[in-house]
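Note that ligands are numbered from 1 as they come in the structure, with each ligand's atoms numbered from 1 the same way.
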Amino acid sequence: MAEQNEILLKIDKIYNPPEKVLKKALISKEKFDELYEKSIKDTENFWEKLAEKELHWFEKWDKVFEWNYPTYKWFINGKLNITYNCLDRHVENGKRNKIAYIWTDEDGNEKKYTYGELLELVNKIANGLKSLGIKKGDRVVIYMPLVIEQLATMLACARIGAIHSVVYAGFSASALKMRIEDAKAKIVITSTWTKRRGKKIDLKSVVDEAVKELDFVEKIVVLQREGDNLTLEENEIDFYKLIKNQSPNCTPEIMDAEDPLFILYTSGSTGKPKGVLHTTGGYNLYTHITTKYVFDIHEDDIFWCTADPGWITGHSYMVYGPLSVGVTSIIAEGAPDYPDPGRWWSIIEKYRVNIFYTAPTAIRLFMKYGEQWPAKYDLSSLRILGSVGEPINPEAWIWYYENIGRKNCSIVDTWWQTETGGHMITTVPAYPQKPGKAGKPFFGIEADVVDKNGNPVKPNEVGYLVIKKPWPSALRTCWGEPERFNKYWSEISQYYFAGDMATKDEDGYIMILGRADDVINVSGHRIGTAEVESALVAHEAVAEAAVIGIPHEIKGESIKAFVILKQGIEITDELKGDIKQCVRKELGSLAVPDEIEFVEKLPKTRSGKIMRRVLKAKELGMPLGDISTLED
Ligand code: WTA
């Protein structure tokens, strides 16, 4: 009880930034408020000034912004190449020998790459891709582990104007196949394996399986890792063989600000994942500015984002944002807690990391291991701690603040999405923080919490989180499915709405409560109920299925499935395992339900829609709510 009270007192408190942060901060609280006002009053001018100052353009734009509802454009007719901003300009400005990335793995191996070396690697890959016939606008799927070649391949695509689609290397063959097929990728680039918890995980065989029936895929490029010596098929080519004799120079393709940069698939509440499309200019600018100010990047900082480029966080805050700003980043392949739960803290100590960006699910995992683990390490280099991917519960916030930040760091809780491209709501480091509340909209972002009709709700009342106008890095469309894009801007008035519930307090701090739709957030990963359900019914014994997310101590949410079996099928533990295996095969391990319950019936509306809400309320012992549409 006393402990509970102590926590409550801590939650209610406002945490002021420590001296260490204030002394260095690029913008103070006052400056942030002043700039925010300006950014809203004269948004175009605000972004125009920053675009001129912070990025290199081959040709200037004619107009900053055009909005033909629901579509929009930024920096019309502006010409640039994002890799020029990420690499060449640093190399030309005296940073050739500055470290861009330090890679490390579970065994403590280490490799360092300077900006100069990275540029040469990127150019060689770019020339290699060209030699395979890849041109501007072609799609390239990347299914690789977290190694420098993965990041460099993304950049190589951007160098020549090819559109990359990175698929997280934990997805199954059929999930990969769906993405290759949807984007009609000419080339798939993969690697032999990745290592997690000391075990090698084969990636190449997943690709083999995925492309079996896809005859439009012309080539598979295979990065062989130490010790490998695969015999490759006719349509396969070794990564280093491809680039070995290529020139380290490659003139960057002149890209229009609105030319596509990448597609990244993400789950929605219905149907198959959507291919969120981001373009070049606005995305470059917005990820650059958010990296700089939200992480308060200084020339000598060491930045570590623990994501993977298979997710948007990796795109924006491992690759494009940090490189555009010119910082040194850590990338770490493997599991956070292997060989022991001290791994991450030892990396922070060893490399003197200043800015650390991770997900609440990881923080909760380390809470469980206990504070003795981080306590063994010198974490005094840290200045800013970031959180992303799901709401951070105040207990985890405070644990992070006390045990990792040692009460001497600012926490930036960044709310954003695959679709938003960059941070939307957070407090910059010099801004007072409230545990569990993401904070305030970033520059140029008009966020609000509203009802179904778009009217603002009262302070602290629950409503829908919307953004009122397009911002530079907003998704431009859903690949091949413009109607799904339109939905984002038409469900609630003409605002952008992508599915989260929130509250806003008297000080304007926004707290994210979670999804309003049928999307489950497992360990910060978006999983659509529809996808899991169709994976379940792919099993021959399953007649019908419904899944819900239930609270989970570490993962945030876990998946529970309700399954109706076909007639005459006997319920056994083996069958359960078999059905789980089927989901693993269809989607990948991250979508496998923790629990399967066999039922005779599912609650449905009279029109036949499954009422997951009712299943969830029953599961959690909560009131069932309005069930007047229930069939029986
Ligand atoms: C959730 C990840 C609360 C939210 C960058 C959103 C968060 C979805 C936060 C997007 C946060 C992300 N606080 N919830 N700081 N960050 N979310 O597309 O539900 O993988 O809609 O992008 O994650 O997930 P996505």
- Go through ligand 1 atom by atom and flag the ones less than 4.0 Å from a non-hydrogen atom of N521. 1 (C), 23 (O)
- Message: Could you identify the single nearest non-hydrogen protein atom to atom 3 (C) of ligand 1 and state the distance to 0.1 Å?
- Response: P391 N, 3.1 Å
- Item | Shortest protein contact, atom 13 (N) of ligand 1 (heavy atom only) | E390 O, 3.3 Å
- Lys/Arg N to Asp/Glu carboxylate O, E619 vs K560, below 4.0 Å: yes
- Message: Applying a heavy-atom cut-off of 4.0 Å, say which part of H525 lies close to ligand 1: side chain, backbone, both or neither.
- Response: neither
- Query: Does W416 have a non-hydrogen atom less than 4.0 Å from ligand 1?
  - Reply: yes
- Query: Can you tell me if G499 has a non-hydrogen atom under 4.0 Å from ligand 1?
  - Reply: no
- Task: Go through the steps for Y36 and K31 under the test side chain to side chain donor-acceptor pair (under 3.5 Å), then give the verdict.
- Result: CA-CA 8 Å; Y36 180 75; K31 189 75 190 166; over 6 Å; no
- Quick one: which of T291, T290, T414 gives a side-chain hydrogen bond (donor to acceptor under 3.5 Å, both in side chains) with Y317? T290
- NZ or CZ of R179 within 45° of F171 ring axis and under 6.0 Å: yes
- Options S387, G389, G556, ranked by nearest heavy atom to atom 12 (C) of ligand 1, top entry: G389
- Heavy-atom proximity to atom 4 (C) of ligand 1 ranks first, among T414, L264, V388, D500, for D500
- Item | Polar contact flag for E419 and ligand 1 (N/O pairs, less than 3.5 Å) | no
- Going by the atom numbers of ligand 1, which of them fall below 4.0 Å from some non-hydrogen atom of I512? 3 (C), 13 (N), 14 (N)
- Task: Indicate the ring-plane relationship of Y283 and H278, choosing parallel, tilted or perpendicular according to the 30° and 60° boundaries.
- Result: tilted
- Item | Sub-4.0 Å atoms of ligand 1 with respect to non-hydrogen atoms of T313 | 5 (C)
- Query: So do the side chains of Y401 and Y15 get within less than 4.5 Å of each other, counting heavy atoms only?
  - Reply: yes
- Query: If you draw the axis of the six-membered ring of Y509, does the NZ or CZ of K434 fall within 45° of it and under 6.0 Å from the ring centre?
  - Reply: yes
- Among all protein non-hydrogen atoms, which one is nearest to atom 24 (O) of ligand 1, and what is the separation to 0.1 Å? R526 CD, 3.1 Å
- Item | Heavy-atom pair with the smallest gap, counting every atom of Q417 and I312 | C-CG2, 4.2 Å
- Correct closest heavy-atom pair for G436 and M511 would be O-CG, 3.4 Å
- Note on the structure: Looking only at protein heavy atoms, what sits closest to atom 18 (O) of ligand 1 is T418 OG1, 2.5 Å
